[in-house]
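Side chains are part of it too, since the values below use all heavy atoms of this structure and drop only hydrogens, waters and symmetry mates.
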Amino acid sequence: MSAESHEVHHDGDHETMSKKRILQVAGILTIITCIEFFIALVCVPKGILPIQYANPVYIVLTLFKAFYIVAYFMHLKFEKMGLILSIAIPVIFIIGLILVLTNESHHWVDLR
């Protein structure tokens, strides 16, 4: 029998998802969630931030959280650019379609 050595070559990208990195991303998600709760429970009821400005802030903060979840916990950050684009571009078009249809629906309601 011959003694063969099997070497495992890692790409190097997945090695950055260490326990420290996972806790760091979880901490960022926790901070963003605390900011959302602070806005919803303190700023809006006391009139510090009007609701028409609070809603876009919620959307932006939620998109940041979605980025971190998809990039790190679903490992999309470590994939090839072709896979990332094949997922990201349709999502961007779907979000744009939702925004256009929402605007159009308000137009039809205003016609009545």
Side-chain angles (χ1 to χ4, degrees):
M1 296 219 185
S2 65
E4 295 180 21
S5 67
H6 296 285
E7 294 182 21
V8 178
H9 296 284
H10 293 287
D11 200 11
D13 289 336
H14 289 286
E15 294 174 11
T16 59
M17 264 320 272
S18 63
K19 188 174 185 179
K20 179 183 175 186
R21 185 64 154 167
I22 291 172
L23 291 175
Q24 182 182 20
V25 173
I28 291 171
L29 292 173
T30 303
I31 290 170
I32 293 173
T33 303
C34 289
I35 292 170
E36 288 177 340
F37 273 103
F38 180 76
I39 291 170
L41 299 176
V42 175
C43 294
V44 173
K46 291 186 177 182
I48 298 170
L49 186 65
I51 193 71
Q52 63 263 22
Y53 297 121
N55 285 338
V57 172
Y58 291 142
I59 292 170
V60 169
L61 290 173
T62 302
L63 288 175
F64 277 128
K65 286 192 330 185
F67 164 76
Y68 275 105
I69 290 170
V70 169
Y72 288 100
F73 293 131
M74 297 175 71
H75 303 282
L76 192 60
K77 184 177 188 281
F78 308 113
E79 296 296 335
K80 296 187 185 279
M81 186 56 71
L83 179 64
I84 293 172
L85 291 177
S86 70
I87 293 172
I89 291 175
V91 168
I92 291 170
F93 281 122
I94 290 170
I95 290 171
L97 179 65
I98 290 171
L99 292 174
V100 168
L101 291 176
T102 303
N103 187 26
E104 187 69 22
S105 68
H106 289 297
H107 174 72
W108 283 102
V109 169
D110 291 340
L111 286 178
R112 289 185 176 186

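In terms of hydrophobic clustering, with Ile, Leu, Val, Met, Phe, Trp and Tyr side chains grouped at heavy-atom distances under 4.5 Å, F38 and L61 are assigned to different clusters. Hydrophobic clustering (side-chain heavy atoms under 4.5 Å, transitive across Ile, Leu, Val, Met, Phe, Trp, Tyr) keeps V60 apart from L63. Note on F64 and I31: same hydrophobic cluster, where clusters join Ile, Leu, Val, Met, Phe, Trp and Tyr whose side-chain heavy atoms are under 4.5 Å apart, directly or indirectly. In terms of hydrophobic clustering, with Ile, Leu, Val, Met, Phe, Trp and Tyr side chains grouped at heavy-atom distances under 4.5 Å, F67 and I69 are assigned to a common cluster.
Here the shortest heavy-atom pairing between A40 and P45 reads O-CD, 3.3 Å. V44 approaches A54 most closely through the heavy-atom pair CG2-CB, 3.6 Å. Between K65 and I32 the shortest heavy-atom distance is CG-CG2, 3.4 Å.
The distance from atom CD1 of I51 to atom CG of N55, rounded to the nearest 0.5 Å, is 4.5 Å. Rounding to the nearest 0.5 angstrom, the gap separating the CG atom in L41 from the NZ atom in K46 is 11.0 Å.
Exactly one residue among I98, V91, I92 makes a side chain to side chain contact (heavy atoms under 4.5 Å, CB included) with I94. That residue is I98.
Within 6.0 Å of atom OH in Y68, 12 or fewer heavy atoms from other residues, nucleotides or ligands are found, so the atom counts as exposed in its surroundings.
When side chains are defined from C-beta on, F93 counts as touching I89, because their heavy atoms get closer than 4.5 Å.
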